[in-house]
Amino acid sequence: MDWHLECSDCGLIASADGLPSVCTACGRPWLVRYPERVHSTIERAEVRRRHGMWRYRSFMPLGVNEEPISLGEGDTPLLRLPRLERQLGFSNLWVKDEATNPTGAFKARGLSAALTRAVAAGATRFTIPTAGNAGVASAAYAARAGAQVRVYAPRTTPRTILSQITAFGAELVLLDGHIGDCGKASRAYAAESGAMDLSTLREPYRIEGKKTLGLELALQFGWELPDAILYPTGGGTGLIGMWKAFLELREAGWVTSPMPRFYTVQSTGCAPMVRAFDSGADSAEPWADPWTIASGLRVPGPLGDKLMLRILRESGGGAVAVTDEVMAELAATGTRAEGVDWSPEGGAALAAAVMLRDRGEIAASDRVVVFNTGAGWLYRTPEDLLGPIV
């Protein structure tokens, strides 16, 4: 391997051999480093001729002759939103629509990378806690790899998401409580069974998959970066991954524009990162009794809290909490206005854009990218659309 691991908190350096979990010294997440990689401008031009997330393989944890475990993830649309610009008061508003990924969400990117490295290291059984979309993606990519996965999900997870998990052949275990409770159960199962734990930031490669969000944004904007990125945040791997991607692109000389301001978007019913940011804390206290219709935001105690807070502050960004009512309204408005199937999480990002503009933190003329991290259809049942079927 021509990469190693570096602790995101204490800086410890370690080999990437085997099935790494978290830093052995402080328990914080690892980051993957590639000190021997060189990226030429010729390669930058060549990237345009490739397809999918793995077109960026020189920035990814993949050997020269290795093939990833893939379902065609990545290359999701970056769309200008002209009608929403007029309705909401912007002049340069864009959406990165992750709903078009396999399994309908951005989680496909991280699980493709995580399963690729884990299977290469010999893993055949996996376990994962989920608020929803990660469970679907892990089930699909485990099926693609010919592996087994047990998924722990809250009983309140949308039924469409749960049906997708079982459709891909995963073993689904439903629990009362939230994703934190599912995480404890998943880690206990990993300890007793030997299954690999795929929890957010408890292995280093989901970040590398999510890093391609930033690599794609740079490519789609002609190797320039936006002014602001609004990201619905649960566990935070996407935000961390994009920050890492932009730093690596700048180091390679592929982009020279300033770093964007990052804004984390959460629900008022579960906003540990917003509370920590607003109070000036360097870590987030777990949120008691989390609840929101956006299941992907229902993460009361993210492991990457310290790293996310550092990114928000270093980038000059911030954190915003949105009510469920407002995020649902904006998701519906966006879907009808632009034909994009906005999830509640995406609706939260749209609502946050308006709030931040009203506060003066984002200018109406800024190039703003909001993320729709998953498909709205995953949250809808036939009863939601048509009433009870009799």
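In what follows, every heavy atom counts, from backbone to side chain, and hydrogens, waters and symmetry copies are set aside. By convention here, the first residue in the shown sequence is residue 1.
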Participant: Can you list the residues that meet the ring-ring contact (aromatic ring centres under 6.0 Å, His included) rule with Trp243, with sequence neighbours excluded?
Facilitator: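 So Trp243 forms no ring-ring contact (aromatic ring centres under 6.0 Å, His included) with any residue.
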
Participant: Which pairs, with at least one residue in residues 276-323 and sequence neighbours excluded, count as a ring pair (Phe, Tyr, Trp, His ring centres under 6.0 Å)?
Facilitator: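 For residues 276-323, and leaving out neighbouring residues, there are no ring pair (Phe, Tyr, Trp, His ring centres under 6.0 Å) pairs at all.
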
Participant: Please list all pairs meeting ring pair (Phe, Tyr, Trp, His ring centres under 6.0 Å) that have one or both residues in residues 93-114, counting only residues at least two apart or in different chains.
Facilitator: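 For residues 93-114: Trp94-Phe221.
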
Participant: Please list all pairs meeting side chain to side chain donor-acceptor pair (under 3.5 Å) that have one or both residues in residues 67-77, counting only residues at least two apart or in different chains.
Facilitator: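 Listed once each, the pairs are Trp54-Glu73, Arg55-Asp75, Ser70-Glu73, Glu73-Ser112, Glu73-Tyr141, Thr76-Lys96, Thr76-Glu98, Thr76-Arg109.
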
Participant: Taking side chain to side chain donor-acceptor pair (under 3.5 Å) as the test, write out the residues that go with Arg367, two or more places apart.
Facilitator: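 In terms of side chain to side chain donor-acceptor pair (under 3.5 Å), with neighbours along the sequence ignored, Arg367 is linked to no residue.
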
Participant: Who are the ring-ring contact (aromatic ring centres under 6.0 Å, His included) partners of Tyr152, not counting sequence neighbours?
Facilitator: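 With sequence neighbours excluded, Tyr152 shows a ring-ring contact (aromatic ring centres under 6.0 Å, His included) to no residue whatsoever.
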
Participant: Output every pair passing salt bridge (charged side-chain N to carboxylate O under 4.0 Å, His left out) with a member in residues 132-146, not counting sequence neighbours, ordered by first then second residue.
Facilitator: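 As it turns out, there is no salt bridge (charged side-chain N to carboxylate O under 4.0 Å, His left out) pair with a partner in residues 132-146 once direct neighbours are skipped.
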
Participant: What residues form a side chain to side chain donor-acceptor pair (under 3.5 Å) with Gln266, not counting sequence neighbours?
Facilitator: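 Applying side chain to side chain donor-acceptor pair (under 3.5 Å) to Gln266 gives none.
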
Participant: Ignoring hydrogens and geometry beyond distance, is a side-chain donor-acceptor pair present between Ser91 and Ser365 at under 3.5 Å?
Facilitator: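 No pair is found: no donor N or O on one side chain lies under 3.5 Å from an acceptor on the other.
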
Participant: Mind checking what makes salt bridge (Lys or Arg N to Asp or Glu O under 4.0 Å) contact with Asp197, not counting sequence neighbours?
Facilitator: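 Result, salt bridge (Lys or Arg N to Asp or Glu O under 4.0 Å) vs Asp197: none returned.
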
Participant: Name all residues meeting the salt bridge (Lys or Arg N to Asp or Glu O under 4.0 Å) criterion together with Asp358; count only those two or more places apart in sequence or in a different chain, and write none if there are none.
Facilitator: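 Salt bridge (Lys or Arg N to Asp or Glu O under 4.0 Å) check on Asp358 returns nothing, list empty.
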
Participant: Is there a donor-acceptor contact under 3.5 Å linking the side chains of Thr292 and Asp324?
Facilitator: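 Their side chains do contain a donor-acceptor pair, which is all the 3.5 Å distance test asks for.
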
Participant: Return the set of residues passing ring-ring contact (aromatic ring centres under 6.0 Å, His included) with Phe90 (not counting sequence neighbours), or none when no residue passes.
Facilitator: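 Per chain and number, Phe90 pairs via ring-ring contact (aromatic ring centres under 6.0 Å, His included) with no residue.
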
Participant: Which residues pass the side chain to side chain donor-acceptor pair (under 3.5 Å) test with Asp17, sequence neighbours left out?
Facilitator: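 By the side chain to side chain donor-acceptor pair (under 3.5 Å) rule, Asp17 matches Ser15.
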
Participant: Is it true that Leu330 and Val370 fall in one hydrophobic cluster, defined by side-chain heavy atoms closer than 4.5 Å?
Facilitator: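 Yes, same cluster.
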
Participant: Please round to the nearest 0.5 Å and tell me the distance separating atom CG of Leu198 and atom OG of Ser21.
Facilitator: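 The distance works out to 10.5 Å.
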
Participant: Honestly, is Arg37 close enough over Phe59, meaning NZ or CZ under 6.0 Å from the six-membered ring centre and within 45° of the axis?
Facilitator: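 No - Arg37 does not lie over the ring of Phe59 by the 6.0 Å and 45° rule.
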
